[in-house]
Peer 1: 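Input: one structure, supplied below.
Basis for what follows: all heavy atoms, side chains included, without hydrogens, waters or symmetry-related copies. Note that this is a predicted model, so its numbers are computed, not measured.
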Amino acid sequence: MKNLHKIAAVLALLIGAMSIFAGSKVLLGFDIKNYTILNWLVVYNVVYGVISIITAYLIWNKNIFLKKAIAFILASHLVILFYLNFFSENVASESINAMVFRVSIWTIISLIITSIKTEKK
């Protein structure tokens with residue numbers, strides 16, 4: 001497909017916007033949860049939401065740094081998921097499920113980008 005990278009960019013934009021929106025609501029006190037909130041994780045999600053939107057821009061424009069940015073985000077999410085699963089005692093299952101979702105989306109984005117043949121401009 002000619003515009004496969006644009007699908008990846010839209011996915012990155014959507015996951016970034018979702019992270020910023022959901023995390024900001026919690027941080028600002030508009031969304032009160034009935035389970036333990038790890039504030040550092042909410043801040044992480046908002047920051048990585050912004051990074052995801054920047055990466056969406058890089059993907060859309062086929063920037064030379066897009067693969068490094070995708071690898072950075074995916075690796076960071078995997079490290080956090082590993083930590084939440086094995087080292088955090090008071091993490092809510094919702095937090096783990098959300099991180100699994102992020103890892104899944106970024107894995108799909110990574111697969112899309114790596115499947116695209118290098119085009120000459």
Peer 1: Could you grab the distance from atom CD1 of I37 to atom CD1 of I32, nearest 0.5 Å is fine?
Peer 2: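 Reported to 0.5 Å precision, the distance equals 8.5 Å.
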Peer 1: Between H77 and Y44, does the ring centroid distance fall short of 6.0 Å?
Peer 2: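 Yes; Y44 has its ring centre under 6.0 Å from that of H77.
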Peer 1: Hydrophobic clustering (ILVMFWY, side-chain heavy atoms < 4.5 Å, transitive) - are M99 and Y83 grouped together?
Peer 2: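 Cluster IDs for Y83 and M99 match.
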Peer 1: W40 and V47: same hydrophobic cluster, using ILVMFWY side-chain contacts below 4.5 Å?
Peer 2: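 In one cluster with W40: V47, yes.
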Peer 1: Would you compute the distance between atom OG of S110 and atom CG of L66 and round it to the nearest 0.5 angstrom?
Peer 2: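 Going from OG on S110 over to CG on L66, the span is 10.0 Å.
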Peer 1: For A8 and I112, which heavy atoms make the closest approach, and how far apart are they?
Peer 2: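 A8 and I112 have their closest heavy atoms at CB-CG2, 3.9 Å.
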Peer 1: Any side-chain heavy-atom pair from I70 and I59 closer than 4.5 angstrom?
Peer 2: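 Yes, close enough: below the 4.5 Å cut-off.
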Peer 1: Please give me the minimum heavy-atom distance between L4 and S115, naming the atom from each residue.
Peer 2: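 So the two residues come closest at CD2-OG, 3.9 Å.
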Peer 1: Decide if atom OH of Y35 counts as having more than 12 heavy atoms of other residues, nucleotides or ligands within a radius under 6.0 Å.
Peer 2: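 Enclosed.
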Peer 1: Taking a hydrophobic cluster as the set of Ile, Leu, Val, Met, Phe, Trp and Tyr residues connected by side-chain heavy atoms closer than 4.5 Å, whether directly or through intermediates, do I80 and V100 fall within one such cluster?
Peer 2: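 Same cluster: I80 reaches V100 through Ile, Leu, Val, Met, Phe, Trp or Tyr contacts under 4.5 Å.
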Peer 1: Hey, what do you get for CG (L78) to CZ (F82), rounding to the nearest 0.5 Å?
Peer 2: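 So the CG of L78 and the CZ of F82 are separated by 11.0 Å.
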Peer 1: Nearest 0.5 Å please: distance from the CZ atom of R102 over to the CG atom of N45.
Peer 2: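 One finds 3.5 Å between CZ of R102 and CG of N45.
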Peer 1: Under 4.5 Å between side-chain heavy atoms, counting indirect links through other Ile/Leu/Val/Met/Phe/Trp/Tyr residues: same cluster for V50 and F21 or not?
Peer 2: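 As far as the 4.5 Å side-chain criterion goes, F21 and V50 are not connected within one cluster.
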Peer 1: Nearest 0.5 Å please: distance from the CG atom of L81 over to the CZ atom of F86.
Peer 2: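 That separation rounds to 8.5 Å.
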Peer 1: Honestly curious: do I53 and V46 fall in one hydrophobic cluster under the side-chain, below-4.5 Å linking rule?
Peer 2: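 Different hydrophobic clusters.
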Peer 1: In this structure, which one of L13, T55, V10 forms a side-chain contact (heavy atoms from CB on, under 4.5 Å) with W60?
Peer 2: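 Result for side-chain contact (heavy atoms from CB on, under 4.5 Å) with W60: V10.
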Peer 1: CD1/I15 to CD1/I105 distance, rounded to the nearest 0.5 angstrom?
Peer 2: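 Here the interatomic distance stands at 5.5 Å.
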Peer 1: Give a yes or no answer on whether the side chain of N61 reaches the backbone of N63 with a donor-acceptor pair at less than 3.5 Å.
Peer 2: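 No; zero donor-acceptor contacts below 3.5 Å.
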Peer 1: Are any non-hydrogen side-chain atoms of K68 and F72 less than 4.5 angstrom apart?
Peer 2: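 Contact flag for K68/F72 side chains = no.
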Peer 1: Would you say W106 and I109 make side-chain contact, with heavy atoms under 4.5 Å?
Peer 2: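 They are in contact (side-chain heavy atoms under 4.5 Å apart), so the answer is yes.
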